[in-house]
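These notes concern the structure reproduced below.
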Amino acid sequence: MIAALRSGMMGGRLSGLLLVALPVALLIWLVLWPVLQAMVGTVYFPGTGFSTASYAYFFTDDYSLRNLWLTLWVTALTSVLRVTVAMPIALYLRFRTGSVAALVQALALFPMFVPSVLVAYAFIRVLGPNGIVDTVLVALHLPKLMSPYLTPAGPIIGLVWDGLPLTLLLLLSGLGRVSIASVDAARDLGAGSWTLFTRIILPRIQSSIIVTLAFNVLGLFSAFTLPFLLGPASPEMMGPYMQRTFSDNADPLNATTQAVITFAFCAAFGLIYVRAIAKGRKGPA
Amino acid sequence: MNRREFLMAGAAAGLVASTRFAAAATRLDLYTASDANISDFFNNVVKPAFEAANPGLELNVVIARPAAALDAVVQRAFAALSTKSDPQLDIIEQYEPMLPNGGIEAGLWTDFQKAGLANYGAVNKLAIQTAYGLPYRGSQVLLAYDSTKLPRDKAPKTFADLAAWIKANPGQFIYNRPDKGGSGGNFINRVVHEVSGRDPLKFKVDNYTQASADEVLAKAWAVLNDLAPSLYEKGAYTSGNSASLQLLAQGAVTMIPAWSDQVLQAIAKGVLPETTGLVQLTDLALCGGFSQAVVPTNAAHRDAALKFADFMLSQEMQTAVIEKLGGFPGVDWSNLPKALHDKYADVIPSSIPTFPSGEWTKAVQDGWYRNVAPNISRT
């Protein structure tokens, strides 16, 4: 294989194409083809022709729109919260070394290895009614917690914790581009921490933040387990709503319509991600 | 024989043995869409007993949750019937034999009356709804409550009492979303029965019409919306049967609707304390039913499937249904040891109303999400 790669320009190109052929074929077969099928299947009906009735229904149905709206704002809020929570940890890990930093890193990355069903049940045990937090509060003669379980705050707290590791890793890789020398130089010139962050660090990691947000949005849009187990019955996020429409209502047409609409939003964020990557390739901003 | 030869000979022998076993055992594909307690029961109790009693037969428990996934499997079997191909399905542990529409007429399901099961005569006559379904276990939704907070003699016995109790004790009652486990679903069905004259027979698999549903369900939503502000968190609904049991176990609520088998199992395992009280409404019980096993006539291993059905009616398995599952037996109590009957006397139901699956259930579930679930006040 290595020999083939080195055997000249043409051969190199061919084996390069062969190397990407498998993932591209899988992408076409498992992603693009079903998407196309779904899009065509919701507007064209053999025998009766074109109809956009299911889309008209979605966008005139208050219940569906409430679900879409909830998904959008939970996604936006959770993405921003994840970056806000992960940023100080990332900065700390970038500029500090030692056993404490290693411990912080291990703790912050720990959620990556916990399945979300376990996160949900742990959440109920800890933050749920009469959970561990309540037990501690009562022991200290303090009033009980207003439990976020089954409220919109429930899935947001769960999702922030669950998604912290990925956000942290993406931000850390971005911060790798900030040289310690430039930070030290700015500090020697008398820059304070805030100035350092906004003038030196932030401009260098702008594209990383965009990539992080785009990744988060894509994952959150299709979140299922945590909103389903921790959130209120209604409004529903698009994941549980699609599942319910498809299986409980036995209504594949409307479920597919919801999926295409969800996909359209995700594709928009995908585009932002691709542009950020392309910009990053050209060189740091 | 040196080590290497020994290993190769061993591997060859193992290969021969494994292929021989695979060829010898007839694999029965049993499908279930029920909760994990049921699929665990089949895997851990029924499978070893059945395979020990029937050498050469292997039980393969296939979990097809939620119920709609099972619908797709049944559609496949129905299609296979017309093309005379293998439905890849030998028995379903629980399915509504009236579905799919036209299935019985086309001869999809086996008629158990004519199937020649040795134990069929023992089946509880009250449990037989149709000859195409074999009732082998029952369970019913009842109210489970914390008797340290609500004395047993004060527990509500009628729907009116229950509604009054919920309103007098705000935040102490919760039921789960109707499509995510039947305990909440059957509480809602009980409300539908309440507003339609407490006659469960009014609702049938084949008598759904939009107009009648709109009329009766509007009244049910009014009752449920009236109760909503008095529920846990002013109208929160858990995501399943076990999430409700968890809230009761944590002492966050005082009463929940629960499946009799799940709550009995939870008490037996210590998940719920001994002080958990159980009560059934006496004006009309909450819904429940007997699980009807069905066997497609075109099953590849139909004879073995019928052998299995007969095995489920045996005294050994029926005792296991009661003791291991907390369910009701499908056979008449007269066929079981008297000691068992006396032990479970307080949960043996006098009547089990049912609610039809299919269109009615769909209308209740989606209607609930649209008309009841959103009405929550966080203030």
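Since we're looking at a predicted model, the values are computed, not measured. Throughout, protein chains are lettered first and strands after them, A, B, ... in sequence-line order, and every chain is numbered starting at 1.
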Among A/D134, A/D251, A/I124, which has the most heavy-atom pairs under 4.5 Å with chain B?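 Maximum pair count with chain B is reached by A/I124.
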
Do other residues, nucleotides or ligands put more than 12 heavy atoms under 6.0 Å from [X] [atom1]?
X	atom1	value
B/M98	CE	no
B/F355	CZ	yes
A/R125	CZ	no
A/F224	CZ	yes

As a quick check of understanding, evaluate side chain to side chain contact (heavy atoms under 4.5 Å, CB included) for A/Y241 and B/Y369, giving each step before the final call. CA-CA 10 Å; A/Y241 182 42; B/Y369 270 92; over 6 Å; no

If I compare all heavy atoms of [X] with all of [Y], which pair ends up nearest, and what's the gap?
X	Y	answer
A/P129	B/Q250	O-NE2, 2.7 Å
B/T238	A/Y149	CG2-OH, 4.2 Å
A/N130	B/A252	ND2-N, 3.7 Å
B/E233	A/S147	OE2-O, 3.8 Å
A/F228	B/S239	O-CB, 3.3 Å

For A/N67, which atoms come within 4.5 Å of any heavy atom of chain B: side chain, backbone, both, or neither?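 For A/N67, no heavy atom lies under 4.5 Å from chain B.
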
Could you tell me if the side chain of A/S234 sits less than 4.5 Å from the side chain of B/Y237, heavy atoms only?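 With C-beta onward as the side chain, the pair stays apart.
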
Heavy-atom contact with chain A under 4.5 Å, split by part of B/L70: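 The answer is neither part of B/L70.
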
Part of B/R370 lying under 4.5 Å from any heavy atom of chain A: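 Contact with chain A: backbone and side chain both.
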
Within the side chain of B/D179, is there an N or O that forms a donor-acceptor pair under 3.5 Å with the backbone of A/D248?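 Side chain of B/D179 to backbone of A/D248: no pair is present.
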
Please determine if B/D366 and A/R244 form a salt bridge, counting it only when a charged side-chain N lies under 4.0 Å from a carboxylate O.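 Yes.
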
